[in-house]
Amino acid sequence: MVTTIKVSLPDGSAREFPAGATVFEVAEAIGPRLARATVAGLMDGRLVDLRTPITGDVELRIITEKDPEGAEVIRHSAEHVLADAVKRLWPGTPIDAGRQDHSEKYQYDFRFPRPFRPEDFERIEEEMRRILGEDLAFERTEADREEVKRVMSERGEDIKLKRLEDIPEGEAITLYSHGPFLDLCRGPHVQRTGQIGAIRLLEASGAYFKGDERNEMLQRIYGTAFATKKELDAYFARLEELRRRDHRRLGRELDFFSFHPEAPASPFFHPRGTVVYNALLDLMREKYRAYGYEEVITPQIFDVELWKRSGHYDNYREDMFFADSFDEVEERSSSVKPMNCPSHCLIFGSGAHSYRDLPRRIADFGRLHRYERSGVVTGLTRVRTFAQDDAHIFCTPDQIEPEITALFDFIFEIYALFGFEDVKVYLATMPEKAMGDVAVWKHAESVLARVLEGREDVNFTMNPGEGAFYGPKIDFDVHDALGRAWQLATIQLDFQMPERFDLKYVDSDGSEKRPVMIHRAILGSLERFFGVMLEHFGGDLPPWLAPEQARVLPITDAVNDYAEQVAGELRARGLRAEVDRRSEKLGYKIREGETMKVPYLLVVGQREAESGTVALRLRHRRDEGVQPLETVVDRIERAVSTRSLEL
RNA sequence: GCUGGCGUAGCUCAAUGGUAGAGCAGCUGAUUUGUAAUCAGCAGGUUGCGGGUUCGAUUCCCAUCGCCAGCUCCA
């Protein structure tokens with residue numbers, strides 16, 4: 001039995017304590033101020049409750065109210081305060097459980113006879129503040145299953161009893177209380193309710209018990225909490241910034257796209273938005289030439305048998321559009337394509353292939369339609385009609401690794417153009433609804449894992465059970481300017497589709513072999529990427545993407561002709577330029593140009609007209625001064641052709 | 001699809017059981033302007049669509065469509 005333990009601290013020092021000393025006792029030993037501020041511990045990299053006894057040698061960091069990890073603990077504690085407040089206001093309300101969001105939100109579910117309303121929020125917040133004012137101590141107790149069952153039954157917490165059943169036998173069960181409130185909870189929690197400095201309830205919604213739509217619907221309350229009022233205010237400022245950058249708003253303001261009830265969840269790209277969309281397509285087409293892809297054009301409407309063969313009909317027919325004529329409604333026969341892969345299989349299958357011809361990389365920007373359920377569509381991020389920068393690579397088993405390696409390079413090259421530096425990679429494995437046999441799946445998964453492990457520039461995380469129904473996949477999450485994660489690229493390995501479509505190639509020994517199919521997209525859905533990119537840039541698109549790259553602003557009508565000449569010069573170099581000919585003051589034209597986020601504003605007056613110059617103004621910056629027209633055109637042309645992020 | 005909320009002029013919003021009002025945008029005119037809004041005038045709405053209650057509905061009720069938030073889902 002160990003009697004003393006060694007606790008190593010972040011400053012490199014180590015201290016000895018009797019075995020069983022708690023995190024809080026370590027903090028106390030370091031100093032009283034630290035002890036007061038302590039909300040949790042980070043023990044060997046794991047966030048633990050400050051009441052946790054330390055049983056062996058560990059590395060420990062004390063987490064205080066100021067640490068980001070501390071904020072999580074504060075919010076988790078606020079969940080209990082919320083539940084307590086609701087129970088104080090409506091005694092007997094059965095509680096489910098609280099949970100942390102990925103963002104700075106927490107939630108708590110209740111069985112409540114009606115939805116919570118804004119006026120409830122005021123009362124609940126008031127009650128919560130009272131509880132914070134009472135500065136009640138959180139207490140942690142380990143209990144055995146029977147004890148917990150008895151206590152929760154007495155309290156009428158039948159939902160908690162169901163939760164208790166989900167805790168595996170043998171796992172420690174902990175209860176946390178503050179005042180009379182008691183919850184089954186893993187923790188960690190702060191010392192006292194008073195350490196939760198600022199709270200705010202955000203919204204209410206219905207939510208299925210355990211997230212399963214077959215279960216009863218509970219009423220959920222969302223809230224947030226911070227150590228200080230200042231941090232809470234900063235949170236709301238961030239929300240405001242998100243609203244300002246919302247792509248739906250920017251899309252309207254910049255005249256990029258609109259939506260109409262005549263085609264729900266389907267964007268109408270206006271001329272300006274279409275220029276941007278096509279700039280993305282141009283980028284991919286250019287890179288396809290470099291990376292050896294071949295583009296194809298395939299039909300929109302197919303005999304439904306195709307989807308039965310591919311397996312999509314069985315798995316996704318609820319989400320497909322059908323295109324039957326009136327006398328065919330008894331039997332669905334025509335279907336609008338929800339994806340391109342079967343088309344590409346048909347193309348590949350239409351000819352004989354030698355191993356020498358592989359890999360074949362077939363790209364397709366075909367328009368896809370999916371009947372997304374009404375509640376899931378939103379802006380450009382989830383739509384019913386879209387195109388992907390889709391491609392399918394048909395290759396030999398030996399070619400999988402080099403192909404995927406090349407794809408990583410391709411993906412990172414594209415993302416760099418948008419300034420997406422922080423990329424997370426996930427390996428998603430066999431789902432429940434899977435096609436094909438387990439051995440093939442295991443093999444495919446191991447191939448992907450091997451490639452991932454071989455890449456020094458990639459750290460990946462497993463995503464068990466999240467693969468496509470025909471194969472495992474690698475997903476790429478990028479982080480935008482506001483730190484939000486978006487899943488964009490995907491690489492999917494598929495041994496099923498080639499089987500179903502009986503695809504073959506002749507190998508070097510003359511025998512027929514089955515090719516492997518790699519599904520891949522880099523931008524993902526063009527529509528979704530458009531939305532993500534707009535929010536990432538806050539509408540300030542880099543010159544190569546801007547629909548109007550330069551705008552010439554004549555100061556008086558007298559120089560309109562010179563302004564046209566300048567615009568003509570820009571257009572002759574392949575740039576997108578307009579002239580603001582209206583009889584308005586310069587300030588007005590500048591304001592309009594800035595509002596429309598035009599990267600380059602070229603001001604011309606009498607002086608410039610006489611000297612063949614322009615006064616350059618860069619987006620959101622000051623006047624750059626008068627320069628020769630040629631210099632400015634060169635500068636813009638260079639920024640555009642190099643797809644620079646800078647002006 | 002589920003829970004809740006919302007739908008008034010192109011946009012942002014106001015108003016009322018007695019058939020709607022502002023700012024911006026738009027149009028017209030004047031102004032010829034040097035780095036983020038010149039002035040004046042005009043025009044603009046079957047209050048999402050359909051029913052019901054009522055002497056009368058944009059307002060109240062029902063249904064429907066769409067949008068928003070969340071849940072679930074996303075080949």
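In what follows, every chain begins at residue 1, and chains take the letters A, B, ... in the order their sequences are listed.
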Undergrad: Taking the P atom in each of B:A14 and B:C6, what is the distance between them to the nearest angstrom?
TA: 13 Å
Undergrad: Name the nucleic acid region contacted by A:Tyr470, choosing base, sugar-phosphate or nothing; use a 4.0 angstrom heavy-atom cut-off, strictly under.
TA: sugar-phosphate
Undergrad: Partner lookup for B:A20, please. Criteria are Watson-Crick or G-U wobble with both distances under 3.5 angstrom; report none if nothing qualifies.
TA: none
Undergrad: How about A:Tyr108 and A:Phe110: are their ring centres within less than 6.0 Å of each other?
TA: yes
Undergrad: Tell me which one of A:Arg249, A:Arg248, A:Arg243 satisfies side chain to side chain donor-acceptor pair (under 3.5 Å) with A:Asp246.
TA: A:Arg248
Undergrad: Quick one: which of B:G66, B:G34, B:U72 gets closest to the side chain of A:Arg373?
TA: B:U72
Undergrad: Send over the distance from A:Glu318 CD to B:C2 C1', rounded to a whole Å.
TA: 16 Å
Undergrad: Between A:Arg370 and A:Gly605, which has a closest nucleotide on RNA chain B that is more 5'?
TA: A:Gly605
Undergrad: Look at the side chain of A:Gln219 and the base of B:G70, then say whether one donor and one acceptor between them are separated by less than 3.5 Å.
TA: no
Undergrad: Looking at A:Arg249, does any N or O in its side chain come under 4.0 Å of the phosphate oxygens OP1/OP2 on B:U12?
TA: no
Undergrad: I'd like the C1' distance from B:A15 over to B:G45, given in whole Å.
TA: 14 Å
Undergrad: Measuring from the side chain of A:Lys585 (C-beta onward, heavy atoms only), which nucleotide among B:U33, B:A36, B:G34 has the closest atom?
TA: B:U33
Undergrad: Which one, B:C67, B:G34, B:C71, comes nearest to the side chain of A:Pro264?
TA: B:C67
Undergrad: Is A:Asp96 salt-bridged to A:Arg163, cutoff N-O under 4.0 Å?
TA: yes
Undergrad: Checking only heavy atoms, does the side chain of A:Arg382 share a donor-acceptor pair with the base of B:C74 at less than 3.5 Å?
TA: yes
Undergrad: With both distances kept under 3.5 Å, what pairs with B:U64, Watson-Crick or G-U wobble?
TA: B:G48
Undergrad: Roughly how many Å apart are B:G10 and B:C49, using the P atom of each and rounding to a whole number?
TA: 12 Å
Undergrad: Can the ring centroids of A:Phe268 and A:His260 be said to lie less than 6.0 angstrom from one another?
TA: yes
Undergrad: A:Asp623 has a side chain; which of B:U35, B:G34, B:A69 sits nearest to it?
TA: B:U35
Undergrad: Is A:Ser374 near enough to B:G66 that one of its side-chain N or O atoms lies under 4.0 angstrom from OP1 or OP2?
TA: no
Undergrad: Is the ring centre of A:Phe394 less than 6.0 Å from the ring centre of A:His344?
TA: no
Undergrad: Provide the Watson-Crick or G-U wobble partner of B:A69, both distances under 3.5 Å; none if there is no partner.
TA: B:U3
Undergrad: Can you tell me how far P of B:A36 sits from CZ of A:Arg617, to the nearest Å?
TA: 5 Å
Undergrad: Quote, to the nearest angstrom, the C1' distance that separates B:C13 from B:A20.
TA: 14 Å
Undergrad: When rounded to the nearest Å, what value does the distance between P atoms of B:U3 and B:G56 take?
TA: 34 Å
Undergrad: So does A:Lys597 pair up with A:Glu548, basic N to acidic O under 4.0 Å?
TA: no
Undergrad: Measure from CZ on A:Arg220 to P on B:G4 and round the result to the nearest Å.
TA: 15 Å
Undergrad: Distance between the P atoms of B:G7 and B:U35, in whole angstroms?
TA: 44 Å
Undergrad: Give A:Ala265 one of three labels, base, sugar-phosphate or nothing, depending on what nucleic acid heavy atoms sit under 4.0 Å from its own.
TA: sugar-phosphate
Undergrad: Does the structure show a Watson-Crick or G-U wobble partner for B:A30, both distances under 3.5 Å? Name it, or say none.
TA: B:U38
Undergrad: When you get a sec, tell me which of B:A69, B:G34, B:U33 is the closest nucleotide to the side chain of A:Thr378?
TA: B:A69
Undergrad: For the pair made of CD in A:Glu372 and C1' in B:C71, what is the distance, rounded to whole Å?
TA: 16 Å
Undergrad: Say you pick atom C1' in B:C67 and the same atom in B:U8; how far apart are they, in whole Å?
TA: 15 Å
Undergrad: Have a look at A:Gly587 and say if it touches a base, only the backbone sugar-phosphate, or nothing, with a 4.0 Å heavy-atom cut-off.
TA: sugar-phosphate
Undergrad: Just the rounded figure in Å: distance from P of B:A69 to CG of A:Leu242.
TA: 12 Å
Undergrad: Verify whether the ring centers belonging to A:Tyr470 and A:His519 lie closer than 6.0 Å.
TA: yes
Undergrad: Measure the distance from CZ on A:Arg581 to P on B:U32 and round it to the nearest whole Å.
TA: 18 Å
Undergrad: Taking the side chain of A:Glu584 as its heavy atoms from C-beta onward, which of B:U38, B:A75, B:C71 lies nearest to it?
TA: B:U38
Undergrad: Consider only side-chain N and O atoms of A:Trp486 and A:Asp477, and report whether a donor and an acceptor are under 3.5 Å apart.
TA: no
Undergrad: Give A:Gln606 one of three labels, base, sugar-phosphate or nothing, depending on what nucleic acid heavy atoms sit under 4.0 Å from its own.
TA: base
Undergrad: Is any side-chain N or O of A:Arg591 under 3.5 Å from a base N or O of B:U35, one able to act as donor and the other as acceptor?
TA: no
Undergrad: Using heavy atoms to find the nearest nucleotide of RNA chain B for A:Arg252 and A:Lys473 separately, return the residue whose nucleotide is more 5′.
TA: A:Arg252
Undergrad: OH of A:Tyr108 versus P of B:C71: gap in Å, rounded?
TA: 18 Å
Undergrad: Take atom P in B:G50 and the same atom in B:U46, then report the distance between them in whole Å.
TA: 12 Å
Undergrad: In terms of side-chain heavy atoms of A:Thr556, which of B:U33, B:A36, B:G66 is nearest?
TA: B:U33
Undergrad: Does the side chain of A:Arg248 get closer than 4.0 angstrom to OP1 or OP2 of B:A69 through an N or O atom?
TA: yes
Undergrad: By the 4.0 Å heavy-atom rule, please label A:Glu608 as base, sugar-phosphate, or nothing.
TA: base
Undergrad: Taking donor-acceptor contacts at under 3.5 Å, does the side chain of A:Ser583 reach the base of B:U32?
TA: yes
Undergrad: Give A:Ala615 one of three labels, base, sugar-phosphate or nothing, depending on what nucleic acid heavy atoms sit under 4.0 Å from its own.
TA: base
Undergrad: Just compare B:A75, B:G34, B:A36 and give me whichever is closest to any side-chain atom of A:His620.
TA: B:A36
Undergrad: Strictly below 4.0 Å: does A:Tyr316 bring a side-chain N or O up to OP1 or OP2 of B:C73?
TA: no
Undergrad: Tell me: CZ of A:Phe259 to C1' of B:C68, nearest whole Å?
TA: 13 Å
Undergrad: With a cut-off of under 6.0 Å to the ring centre and 45° to the axis, is A:Arg617 in cation-pi contact with A:Tyr600?
TA: no
